[in-house]
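Take a look at the structure set out below.
Residue numbers start from 1 in every chain, and the chains themselves are labelled A, B, ... in the order their sequence lines are given, proteins ahead of strands. The structure presented is a predicted model; accordingly, all values stated were derived computationally and were not measured.
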Protein chains: 2
Amino acid sequence: MNIQFKKGVLELCVLSMLLERDYYGYELVEHISKHIDISEGTIYPLLRRLKTDGFVKTYLEESQEGPPRKYYTITEEGKKACDELIFEWNHFVQGVNTIIKGDRHE
Amino acid sequence: MNIQFKKGVLELCVLSMLLERDYYGYELVEHISKHIDISEGTIYPLLRRLKTDGFVKTYLEESQEGPPRKYYTITEEGKKACDELIFEWNHFVQGVNTIIKGDRHE
DNA sequence: TTTAGTATCTTGCATTGCAAGGTAGCATAG
DNA sequence: CTATGCTACCTTGCAATGCAAGATACTAAA
């Protein structure tokens, strides 16, 4: 898989998943990697950035299967950012597809 | 426009345009920027990379409207790379859309 | 005790897009 | 002749982000 394609898109993926319910980091990796290759070394720094930007909040919860889990909740600001990212993403994909399909109205 | 989205995709855009006919650098910027924001400081290093990788060849042609133009022609290797990139791109977009549309079959 | 699975995190590197700037040819306006 | 503007090429250094590799620690089973 082309690493570069993912730049900026993973943020969108995480935020839109959090729109549905709270997730913990490891769980996000598991789900996202069903569709896109992703590693833990990517997700944890990304989650930290999202928290710094105020797009998510966190809380800890104990687990019977291992160490405690840090859950992420999306904030109102995060929802706005997510909406905007989805809009930009759709617009971008359309632009790229227009270019690669040779539809240059010339 | 989200800068990160573009990472790796511009290579795909340039190669697929060259599939159709030869272009010179400035012309590529003009056409691509109809659909996606792009600057010259991006395209020239990219074209150099494509040449280094053997995906394109170049030749010069004089112009009545300014300095000589450097035209780019896609090579057989470039065509193969382009095919693969288009395949990966479509697959990637599908994966992302599945994630952001909440279609997680759970 | 060791292995494996879950779950968190960090460091340093590679890639690539961009702003800002430079060079140069041609044409037109002043 | 000079200045401006458009065409067309290029470079440098910076910013962003994904990853490999590694560290830590809890639980459970071999």
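Atom C1' of nucleotide D:dT17 and atom CE of A:M1 are separated by 16 Å, given to the nearest angstrom. Taking atom CG of residue A:L60 and atom C1' of nucleotide C:dA7, one finds them 11 Å apart after rounding to whole Å. Summarising the geometry, the separation between CG on B:L12 and C1' on C:dT15 is reported as 17 Å, rounded to the nearest angstrom. Atom-to-atom, CG of A:L28 to C1' of C:dT8 comes out at 13 Å; the value is rounded to the nearest Å. The distance from atom OH of A:Y23 to atom P of C:dT8 is 14 Å, rounded to the nearest whole Å. Look at NZ on B:K70: it is 11 Å from C1' on D:dA8, rounded to the nearest Å. In this structure, A:N2 places its CG atom 14 Å from C1' of D:dT17, rounding to the nearest Å. Here the P atom of nucleotide C:dT15 and the CZ atom of A:F5 are 16 Å apart, to the nearest Å.
For the ring-ring contact (aromatic ring centres under 6.0 Å, His included) condition, the pairs that include at least one residue of residues 36-81 of chain B, sequence neighbours left out, are B:Y24-B:Y71, B:Y59-B:Y71. The ring-ring contact (aromatic ring centres under 6.0 Å, His included) contacts involving residues 76-100 of chain A comprise A:W89-B:F5, A:F92-B:F5, where partners must be two or more places apart or lie in separate chains.
Computed from C1' positions of five pairs at each end, the angle between the two local axes of the helix from C:dT1-D:dA30 to C:dG30-D:dC1 equals 10°, rounded to 10 degrees.
In this view, B:E30 and B:Y26 satisfy the side-chain contact (heavy atoms from CB on, under 4.5 Å) rule, not counting sequence neighbours.
Shown here for B:I100 and A:L12, the closest heavy-atom pair between the two residues is CG2-CG, 3.9 Å. Residue A:T75 comes nearest to A:G54 through the heavy atom pair OG1-O, 2.7 Å, listed as atom of the first residue, atom of the second, then distance.
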Q: Kindly indicate, with the supporting measurements, whether the criterion side chain to side chain contact (heavy atoms under 4.5 Å, CB included) is fulfilled by A:V96 and B:H35.
A: CA-CA 7 Å; A:V96 173; B:H35 305 284; over 6 Å; no
Q: Check step by step if side chain to side chain contact (heavy atoms under 4.5 Å, CB included) holds for B:L15 and B:V56.
A: CA-CA 8 Å; B:L15 286 176; B:V56 300; 4.2 Å; yes
Q | Trace of the side chain to side chain contact (heavy atoms under 4.5 Å, CB included) decision for A:L10 with A:I38 | A | CA-CA 9 Å; A:L10 295 176; A:I38 194 183; 4.0 Å; yes
Name each donor-acceptor pair under 3.5 Å that joins a side chain in residues 76-83 of chain B to protein atoms two or more places apart or in another chain, with its distance.
from	atom 1	to	atom 2	distance (Å)
B:E76	OE2	B:K79	NZ	3.4

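Here A:Y24 does not reach the OP1 or OP2 of C:dT8: none of its side-chain N or O atoms lies under 4.0 Å away. OP1 or OP2 of D:dT11 has at least one side-chain nitrogen or oxygen of B:R48 nearer than 4.0 Å. Between A:Y44 and C:dC9 there is no side-chain N or O to OP1 or OP2 distance below 4.0 Å.
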Q: At under 4.0 Å between heavy atoms, which parts of nucleotides 18-26 of chain D does protein reach? Answer with one letter per nucleotide, 5' to 3': B base, S sugar-phosphate only, - none.
A: SBBB---BB
